[in-house]
Amino acid sequence: MNNLEGFKLAPGFLERRAQEQLVEDLRALLKEAPFYTPVMPRSGKPFSVRMTNCGTLGWVSDRDGYRYQPTHPETGRPWPPIPQVLLAAWGELGGYSKPPEACLINFYASGTRMGLHQDRDEEDFAAPVVSLSLGDEAVFRIGGQSRKDPTRSLRLKSGDALVLGGEARLAFHGVDRIIAGTSTLLPKGGRINLTLRRVTKGE
DNA sequence: TAGTTGCG
DNA sequence: GGGC
């Protein structure tokens with residue numbers, strides 16, 4: 001049905017200790033590039049999820065649209081570099097020759113969500129999208145390349161990795177809800193999702 | 001128009 | 001979780 005080729009779930013890809021070290025890396029990174037609240041193009045409605053990025057490019061949304069840009073929209077500073085453990089994850093799971101340029105960092109507090117969407121603001125759809133989950137569990141939904149295709153839902157746990165490549169690269173996906181109290185990784189709860197992407201076709 | 005990373 |  002919607003067994004899209006190129007969809008891969010790696011449960012427990014990061015063990016607990018690696019998750020803790022990554023959270024430490026992120027703590028430092030977030031001082032340089034704090035979470036901000038993006039808004040929807042044209043309507044200006046805020047996302048419930050807060051965002052920041054690392055890498056040479058970051059995904060942003062504002063009244064003008066969705067795009068990748070080299071600087072934080074509020075501080076104007078370049079995004080910090082992508083932590084090594086994430087580059088290693090890309091190498092291990094992505095199976096792609098070029099390194100990731102963008103790592104979108106989403107923070108889902110309890111009660112936040114992300115509607116069904118496609119990742120299609122990149123030039124390079126041959127590259128996979130690699131995603132890691134930290135903290136509370138998410139009810140994740142994925143369908144096909146058309147919005148009306150049937151969807152299925154799965155639970156993403158802290159340390160799980162997800163790869164969207166091949167046919168699944170342009171699959172609609174989203175987060176229905178966060179289940180509070182399902183992880184002790186983040187002291188204040190919530191979920192962090194890290195999404196690695198190749199943006200350009202060039203070097 | 002078609003589409004909507006949101007809303008209901 | 002479907003549909004606008």
Side-chain angles (χ1 to χ4, degrees), chain A residues 1-4 6-7 9 26 30 33-55 57-74 79 86 100-125 127-156 160-165 167-180 182 190-200:
Chain A
M1 201 96 326
N2 101 92
N3 284 337
L4 288 177
F7 169 82
L9 173 64
L26 293 177
L30 289 168
F35 283 119
Y36 69 98
T37 301
V39 300
M40 290 286 290
R42 111 199 168 288
S43 72
K45 283 184 180 172
F47 287 58
S48 61
V49 170
R50 312 225 300 145
M51 297 183 178
T52 187
N53 290 267
C54 53
L57 291 170
W59 186 87
V60 300
S61 174
D62 60 21
R63 284 196 135 83
D64 297 332
Y66 307 143
R67 66 188 173 280
Y68 282 91
Q69 65 178 43
T71 56
H72 191 291
E74 292 185 350
W79 305 107
L86 296 178
E101 294 166 303
C103 177
L104 176 61
I105 305 171
N106 288 160
F107 179 71
Y108 293 80
S110 175
T112 67
R113 57 199 166 155
M114 181 75 78
L116 264 198
H117 67 279
Q118 288 174 303
D119 289 8
R120 59 175 175 197
D121 300 312
E122 303 75 28
E123 290 174 6
D124 189 354
F125 293 148
V129 170
V130 173
S131 156
L132 285 129
S133 295
L134 294 174
D136 284 336
E137 292 176 18
V139 180
F140 180 79
R141 179 164 299 279
I142 183 163
Q145 297 186 348
S146 165
R147 179 176 284 281
K148 60 186 190 324
D149 288 342
T151 63
R152 73 180 147 131
S153 109
L154 57 147
R155 198 71 69 86
L156 296 180
D160 289 355
L162 195 61
V163 182
L164 299 181
E167 292 176 10
R169 174 63 180 77
L170 289 171
F172 277 85
H173 60 280
V175 173
D176 289 344
R177 75 182 197 100
I178 300 300
I179 307 179
T182 47
R191 169 177 185 259
I192 292 174
N193 180 244
L194 303 152
T195 310
L196 294 154
R197 302 191 185 97
R198 180 74 196 182
V199 179
T200 71

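Chain letters run A, B, ... following the sequence lines, proteins first, then strands; residues in each count from 1.
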>> Assuming nearest nucleotide by heavy-atom distance, tell me which of A:R147 and A:V139 is located more 5' along DNA chain C.
In response: A:V139

> Excluding sequence neighbours, so at least two apart, what forms side-chain contact (heavy atoms from CB on, under 4.5 Å) with A:R113?
Replying inline: A:S48

> Among all residues two or more places apart in sequence or in another chain, which pass the side-chain contact (heavy atoms from CB on, under 4.5 Å) test with A:R120?
Replying inline: A:Q118, A:F125, A:L170

>> What contact category does A:M40 fall into here, base, sugar-phosphate, or nothing, at under 4.0 angstrom with non-hydrogen atoms?
In response: sugar-phosphate

>> Could you tell me how far apart A:R177 (CZ) and B:dC7 (C1') are, to the nearest whole angstrom?
In response: 18 Å

> If you measure from the P atom in B:dA2 to the same atom in B:dG6, how many Å do you get, rounded?
Replying inline: 23 Å

>> Can you classify the ring geometry of A:W59 versus A:F47 as parallel (below 30°), tilted (30 to 60°) or perpendicular (above 60°)?
In response: perpendicular

> Between atom CZ in A:F172 and atom P in B:dG3, what is the gap in whole Å?
Replying inline: 9 Å

>> In whole Å, I'd like the distance from the OH atom of A:Y108 to the C1' atom of B:dG6.
In response: 13 Å

>> Between C1' on B:dT4 and CZ on A:F47, what's the gap in Å once rounded to a whole number?
In response: 10 Å

>> Applying a 4.0 Å non-hydrogen cut-off, can you work out what A:N193 is touching in the nucleic acid: base, sugar-phosphate, or nothing?
In response: nothing

> Roughly how many Å is it from NZ in A:K148 to P in C:dC4, rounded to a whole number?
Replying inline: 13 Å

> Can you list the residues that meet the side-chain contact (heavy atoms from CB on, under 4.5 Å) rule with A:P100, with sequence neighbours excluded?
Replying inline: A:I82, A:L87, A:W90, A:L196

>> Please classify the nucleic acid contact of A:G174 as base, sugar-phosphate, or nothing, using heavy-atom distances under 4.0 Å.
In response: nothing

> Residues two or more places apart in sequence or in another chain: which of them pass side-chain contact (heavy atoms from CB on, under 4.5 Å) with A:S153?
Replying inline: A:V139, A:R141

> Considering residues at least two apart in sequence or located in another chain, which fulfil the salt bridge (Lys or Arg N to Asp or Glu O under 4.0 Å) criterion with A:E122?
Replying inline: A:R169, A:R197

>> Need the pair for B:dT1. Rule: Watson-Crick or G-U wobble, both distances under 3.5 Å, any strand; none if unpaired.
In response: none

>> Return whichever of A:V49 or A:R42 has its heavy-atom-nearest nucleotide of DNA chain B closer to the 5' end.
In response: A:R42

> CG of A:D62 versus C1' of B:dT4: gap in Å, rounded?
Replying inline: 16 Å

>> I need the CG-P distance between A:L116 and B:dG3, as an integer number of Å.
In response: 15 Å

> Between B:dC7, B:dT4, B:dG6, which nucleotide has the shortest distance from any of its atoms to the side chain of A:Q118?
Replying inline: B:dT4

> Using Watson-Crick and G-U wobble pairs whose two distances are both under 3.5 Å, how do you write the pairing of DNA chain C as dot-bracket, with | for links to another strand?
Replying inline: ..||

>> Without decimals, in angstroms, what is the distance between A:M114 CE and B:dC7 C1'?
In response: 14 Å

> Do side-chain atoms of A:D149 reach the backbone of A:G143 as a donor and acceptor pair under 3.5 angstrom?
Replying inline: no

